[in-house]
Each structure stands twice: as structure tokens, then as C-alpha cells.
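In what follows, a structure is listed as C-alpha cells, so that the remarks can point back to it.
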Amino acid sequence: MVAAVAAVGLSPWWCLAAVPLILLGLLGAADLLQRRHSMLRNYPVLGHARFLLERIRRELQQYFIERNFDGRPFDRDVRSIVYERAKGTDTEQPYGTERDVYQPGYEFLVPSMAPCPVPKTPPRVRVGGPDCSRPYDMALLNVSAMSFGSLSANAILALNGGAAAGGFAHDTGEGGLSEYHLRPRGDLIWEVGTGYFGCRTRDGDFDAAEFADKAAHDHVKCVSLKLSQGAKSGIGGVLPGAKVNAEIAKVRDVPEGQTVISPLYHKVFSTRRELVRFIARMRELSGGKPTGFKLCVGSRRQFLAVCKAMLAEGTAPDFIVVDGGEGGIGAAPLEFADHVGTPLTEGLLTVHNALVGAGLRDRIRIGASGKIATGTDLVKRLLQGADYGNAARAMMFAVGCIQVQRCHTNTCLTGVTTQDPRRARALDVRDKTPRVQRFQEATVASALQIMASMGVTDPAELRPHMLRRRIAPHTECSYEELYDWLEPSQLLAEPPAAWAADWQAADPDRFTV
């Protein structure tokens with residue numbers, strides 16, 4: 001070819017330089033002839049720049065445009081705190097806050113004129129009511145529900161290894177109990193969802209025998225029934241068949257290669273009374289281990305009906321995990337993530353006050369799940385009615401997540417949320433395991449330090465007046481003033497006017513609103 005080019009008097013270098021021009025010409029012709037994209041028909045070749053910029057828009061926004069404190073779902077300040085605590089480096093900041101402390105919605109904790117020494121040993125929460133024979137002492141911060149399948153095997157290994165090293169619990173998520181949850185020997189909360197993955201019959205019903213066998217495992221410390229979750233309350237999950245490899249199929253008790261759809265609701269109960277009875281049955285099958293349920297709160301009337309069912313049946317769950325509507329997930333419809341489900345603050349206040357008013361609060365522990373990433377987040381949730389907190393996305397940051405938001409595409413850049421072995425190998429378990437442990441330890445230590453500055457040594461001493469919210473540039477109120485706080489058994493004696501109609505209408509024998 002070179003000889004032919006030389007024969008006509010052209011330099012080979014000119015021919016090589018012409019190749020890109022020829023390719024661009026062919027691309028332009030293809031753009032003009034195609035009918036799918038109007039932009040390319042009007043702006044051939046150049047229109048592709050728009051698609052390129054759109055593809056990297058999130059990265060441009062995160063790294064070059066957003067300020068330290070206004071990114072979503074987690075801003076740069078919060079992500080930096082998690083990364084630095086996970087690495088064991090300094091998290092101090094010079095020159096003061098960048099936040100507008102006079103902006104409506106700004107919240108602040110009230111320091112004491114007589115701060116207390118920080119406790120040397122973090123307190124733990126005893127989970128297990130009168131019907132529980134094997135209570136568990138829960139840490140103040142734990143790994144929230146994330147399934148194997150949603151997360152990679154290496155991510156699960158690192159999270160559970162960190163839990164084992166730090167002495168806190170790891171919720172399995174609804175995707176079943178895998179070897180990666182069990183191998184590091186960390187404490188587990190086994191979550192069972194509407195698909196009953198890991199304890200299901202061939203037709204998708206609950207398999208009591210398989211459940212009892214797996215719940216008996218020494219590392220399973222608690223059992224949780226998932227009713228709903230924050231990011232997609234009221235709809236079931238979908239795991240595409242392409243991701244259901246032999247390993248995941250075995251863990252979930254489903255056919256390999258077939259799309260797995262979680263039902264919208266549970267088959268094993270149809271009323272709130274039956275829900276309460278099923279929780280008691282799960283506790284019995286597990287050998288007396290703490291058993292509870294997780295939900296994203298809907299109407300207050302619905303939850304009050306559950307309280308009435310507990311009173312009528314004479315039994316109750318050992319714990320309830322409240323998932324906030326701002327919670328995250330690998331994939332959910334935008335409308336559900338943005339507009340369905342009660343935010344964590346109102347959800348916690350509803351559950352806490354309902355249990356107090358029904359005289360049940362002393363036997364049920366409350367966990368909080370939804371954007372808990374810092375010591376401040378944890379203290380606020382404890383003050384709002386929780387006994388302990390669970391973190392999901394913050395724990396993902398600790399093992400390397402950079403919030404690119406490709407969790408549902410199987411193309412996670414850091415190996416956290418992918419089943420692609422090539423991508424998953426990027427997450428080094430030996431390196432990330434201690435990061436999980438360090439992040440949890442430092443966050444709990446921060447929460448204890450904040451409480452000590454408020455004059456509190458135990459979370460039980462936190463009170464609503466210690467958290468204040470600015471509601472106008474020149475007006476701020478405490479949580480004691482902003483919300484109703486019920487007295488023990490008040491609903492049973494004389495319900496306050498704001499609760500009376502809901503308490504009266506709450507029906508434990510139906511699941512309607």
C-alpha cells in the first residue's frame with residue numbers, strides 16, 4: 001500500500017492524517033441519515049459532545065460545581081468525614097462552619113454549661129423483651145440492610161469483617177444468608193423479606209424448617225422481618241436474571257438465570273394480628289432470639305393498629321427498625337425515592353410516641369435507619385426516639401463507594417455494588433475491613449463526645465429540648481415545642497385530641513388505612 005501511495009506522489013503520512021477525517025465524515029453521514037436523535041440530524045458529529053457531557057454530568061457536578069455542604073444525597077463534607085474516619089486520619093476543620101445558621105431548617109444541639117467526661121466504654125442496648133430468651137446487646141451504630149447480590153461478595157466480606165472486629169451487628173438485607181456473611185464471623189441480623197429468600201418453598205412461601213435451621217446459626221443474633229423500606233415503600237424488588245448467577249440462586253433459593261421479583265406484600269399474614277403472631281412464631285423458630293420488623297412508616301393510624309394488635313395478642317416484637325423515606329437502595333423508581341414514605345424524623349416520632357402511649361415502649365427497642373453518617377446524625381436520632389442506629393450508604397463509603405450512583409448498572413467503579421468479578425476485585429477485603437471498624441468506632445466516639453458536651457453520659461438522658469430547629473430567620477424552637485410527646489399509657493387512658501381520632505379508628509384486624 002505504501003508503494004502504491006508513493007507511486008501517485010502522496011506521502012503515507014498524509015494518508016494516515018486523512019483517516020480520522022474520513023471516519024468523521026462517515027459518522028456525520030450516519031448522523032444525518034439516522035432518525036432516532038433529532039439533535040444529531042441537525043448537528044452531526046458535534047451533537048455527540050452533548051451525550052458525552054451528559055454521561056459525565058454527575059462527576060462534573062460532584063467534583064467541580066457543588067459546594068462542600070449542598071450535594072445530594074450526601075454532601076462532600078459528610079463524605080469526607082466518613083472517608084477520613086475510615087482511614088483513621090484527622091477530621092478537624094479550620095475557620096468555622098460554611099453553613100448558613102440562620103437559614104430556616106437549620107438544626108443545632110444544645111451544649112451544657114457543665115459538660116460531662118466522655119464515657120470510656122460505649123454503652124450498648126439490650127434488645128430482647130419478656131418473650132425473648134436470648135437477648136442481644138446491640139451497639140449504638142451498626143451496618144444497615146444491604147443484600148448479597150445488591151453488594152458484591154467482597155463488600156459483604158469487608159462489612160462483616162469490620163463488624164466482627166468492632167463488635168457491632170451486620171444486617172444481611174433480604175437477599176438471604178450467604179457464606180460471605182458467615183465467613184468473617186461477625187454478628188448478624190438476618191432479614192427476611194416478602195420473597196422469603198433463603199427460607200422459601202418452591203412456590204415462594206415461607207419454609208419454617210429451613211428458617212429454623214439457618215436462624216440457629218451461632219452468628220445470627222437477631223431476626224428481622226422486612227415490611228417495607230424507605231426508598232421504595234409499597235413495591236417489590238427486582239433482580240434481573242443476568243445477575244442471578246449460580247451462587248446468588250443458591251443463596252436465595254431461586255432458579256439460576258431467571259429474574260427474581262419480590263412480592264409487594266407478605267403471604268403469611270393478612271392482618272395486623274397475624275403479623276404480631278408471625279413475629280412471635282419467628283422468635284420461637286429461632287430458639288428465642290430477638291425478633292422484630294422493619295418498616296418505612298405510612299399513616300399513623302396503621303401503626304397504632306399494630307400497637308392495638310400487640311396489646312390484644314399479649315406479645316410484641318423485641319425491636320422495630322424505622323427506615324426513613326430518605327433511605328437509599330441500589331435501584332428504585334425516582335417518584336418513589338422522592339415522594340413516597342415518611343422521612344425518618346417523623347417516622348421515628350410516630351413509632352416512639354405510639355409505643356409510649358400504648359404502654360409498650362419499655363419492652364421494644366427502636367432502631368433508626370436513613371442517612372446516618374456522622375456522630376451528630378446518631379445523636380439526633382437517639383434524641384428523637386431511637387435506641388440505636390443503622391448505616392448503609394455511610395458503610396459503603398467506608399469500603400470505597402464514591403457516590404457515582406451506578407449501583408443498578410453492575411458497573412460500579414469501586415467494586416462495591418457489582419457482580420462483575422473484574423470490577424469486584426478492585427475492593428481489597430484486607431484493606432477495607434479495618435476501615436469499616438474504624439469508621440464505626442470513630443462515629444460512636446464522636447456521638448459520645450457530642451452528648452458529653454450536652455451534659456449527657458447515656459443516650460437515655462437525651463431530651464427533646466436539647467435539639468432546636470430554626471423555623472424562620474429570627475425564630476427557633478426546640479423539638480419539645482415542635483412535636484407532641486405522649487406520656488406512658490396515655491392512649492389507653494385518655495388520648496390527646498391530636499391522637500384521639502387515629503387511635504379510635506385503628507383496626508388490628510385489617511390492613512387498610
Side-chain angles (χ1 to χ4, degrees), residues 79 81-89 122 124 136-191 198 214-215 217-224 247-248 250-251 330 367 369 372-373 378 388-402 407 412-446:
R79 299 196 305 272
I81 286 176
V82 176
Y83 295 144
E84 289 166 5
R85 285 179 173 161
K87 295 174 185 176
T89 56
R124 299 183 75 88
Y136 175 68
D137 291 331
M138 190 80 70
L140 288 183
L141 183 63
N142 307 278
V143 181
S144 195
M146 294 179 284
S147 302
F148 171 54
S150 177
L151 298 191
S152 67
N154 283 355
I156 296 292
L157 286 170
L159 290 170
N160 194 258
F168 50 96
H170 176 194
D171 192 312
T172 66
E174 66 171 316
L177 196 61
S178 73
E179 66 164 301
Y180 306 110
H181 290 104
L182 297 169
R183 191 191 304 171
R185 307 175 70 83
D187 292 347
L188 291 170
I189 302 169
W190 181 19
E191 182 176 287
K214 291 182 177 178
H217 198 288
D218 288 342
H219 298 318
V220 175
K221 302 301 183 182
C222 304
V223 179
S224 178
E247 194 171 37
I248 292 175
K250 181 179 178 181
V251 170
S369 175
I372 295 177
L378 184 55
Y388 62 92
N390 294 333
R393 286 170 290 180
M395 293 291 181
M396 289 170 62
F397 292 148
V399 297
C401 170
I402 57 174
C407 309
C412 175
L413 302 181
T414 56
V416 180
T417 62
T418 181
Q419 298 307 310
D420 180 346
R422 182 180 62 83
R423 293 178 181 273
R425 68 179 294 275
L427 196 160
D428 186 84
V429 176
R430 287 177 297 178
D431 176 64
K432 304 305 182 185
T433 295
R435 294 193 183 198
V436 174
Q437 185 266 329
R438 284 194 294 262
F439 163 68
Q440 191 271 354
E441 181 180 33
T443 303
V444 171
S446 171

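When reading the values below, keep in mind they use all heavy atoms of this one structure, side chains included, and skip hydrogens, waters and symmetry mates. FYI, the numbering just counts along the sequence from 1.
Side chains of L151 and V416 form a contact here, defined as non-hydrogen atoms less than 4.5 Å apart. The shortest distance between side-chain heavy atoms of L140 and R124 does not fall below 4.5 Å. Under the 4.5 Å side-chain criterion, counting only non-hydrogen atoms from C-beta, V444 is in contact with Q440.
Atom CZ of F439 is separated from atom OH of Y83 by 11.0 Å, given to the nearest 0.5 angstrom. Rounding to the nearest 0.5 Å gives a distance of 6.0 Å between CG of L141 and CG of L378. Atom CD of E441 is separated from atom CZ of R85 by 11.5 Å, given to the nearest 0.5 angstrom. With rounding to the nearest 0.5 angstrom, the OG atom of S147 is 7.5 Å from the CD1 atom of I156. Separation of atoms CZ (F168) and CG (N390) is listed at 11.0 Å; rounding is to 0.5 Å. Atom CZ of residue R393 and atom CD1 of residue I372 lie 11.0 Å apart, to the nearest 0.5 angstrom.
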List, one per line, each side-chain donor-acceptor pair under 3.5 Å for residues 157-165, sequence neighbours excluded.
residue, atom, partner, partner atom, Å
N160, OD1, G186, N, 2.9
N160, ND2, H170, ND1, 3.1
N160, ND2, H181, O, 3.3

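Listed by chain and number, the residues in a side chain to side chain contact (heavy atoms under 4.5 Å, CB included) with T418 are N410, C412, D420, R423, A424 (sequence neighbours excluded). Under the rule for a side chain to side chain contact (heavy atoms under 4.5 Å, CB included), the partners of A373 that lie at least two apart in sequence or sit in another chain are F74, V78, V82, D377, A394. Scored by the salt bridge (Lys or Arg N to Asp or Glu O under 4.0 Å) test, K214 finds E210 as partners (sequence neighbours excluded). Evaluation of the side chain to side chain contact (heavy atoms under 4.5 Å, CB included) rule for K250 yields no partner, not counting sequence neighbours. With sequence neighbours excluded, no residue satisfies salt bridge (Lys or Arg N to Asp or Glu O under 4.0 Å) with R438. The side chain to side chain contact (heavy atoms under 4.5 Å, CB included) search around E247 returns F148, E179, Y180, N245, not counting sequence neighbours. Partners of Y136 according to the side chain to side chain donor-acceptor pair (under 3.5 Å) rule, which considers only residues two or more places apart in sequence or in another chain, are D187. With sequence neighbours excluded, no residue forms a salt bridge (Lys or Arg N to Asp or Glu O under 4.0 Å) with D428.
Counting only residues at least two apart or on different chains, no salt bridge (Lys or Arg N to Asp or Glu O under 4.0 Å) pair has a member in residues 146-171. Each salt bridge (Lys or Arg N to Asp or Glu O under 4.0 Å) pair with one or both residues in residues 140-156, not counting sequence neighbours, would appear here, but there are none. Screening residues 140-152 for salt bridge (Lys or Arg N to Asp or Glu O under 4.0 Å), with sequence neighbours left out, gives no hits.
Taking every heavy atom of both residues into account, M396 and C407 meet most closely at CE-SG, 4.5 Å. A pairwise comparison of heavy atoms in E191 and A145 identifies OE1-CB, 3.3 Å as the closest pair. Here the shortest heavy-atom pairing between G415 and L427 reads O-CD1, 3.9 Å.
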Side chain to side chain contact (heavy atoms under 4.5 Å, CB included) for H217 and L182? Distances and angles first, verdict last.
CA-CA 9 Å; H217 198 288; L182 297 169; 3.7 Å; yes

Using the side chain to side chain contact (heavy atoms under 4.5 Å, CB included) rule, take I189 and M138 through it: C-alpha gap first, then chi angles, then the decisive distance, then the call.
CA-CA 10 Å; I189 302 169; M138 190 80 70; 3.9 Å; yes

Evaluate the criterion side chain to side chain contact (heavy atoms under 4.5 Å, CB included) for residue pair L188 and L177; output intermediate values, then yes/no.
CA-CA 9 Å; L188 291 170; L177 196 61; 3.8 Å; yes

Which is it for R435 and V399 under the side chain to side chain contact (heavy atoms under 4.5 Å, CB included) test, yes or no, and what are the steps along the way?
CA-CA 7 Å; R435 294 193 183 198; V399 297; over 6 Å; no

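A donor-acceptor pair is defined here as one N or O able to donate and one able to accept, closer than 3.5 Å; such a pair exists between the side chain of T433 and the backbone of V429.
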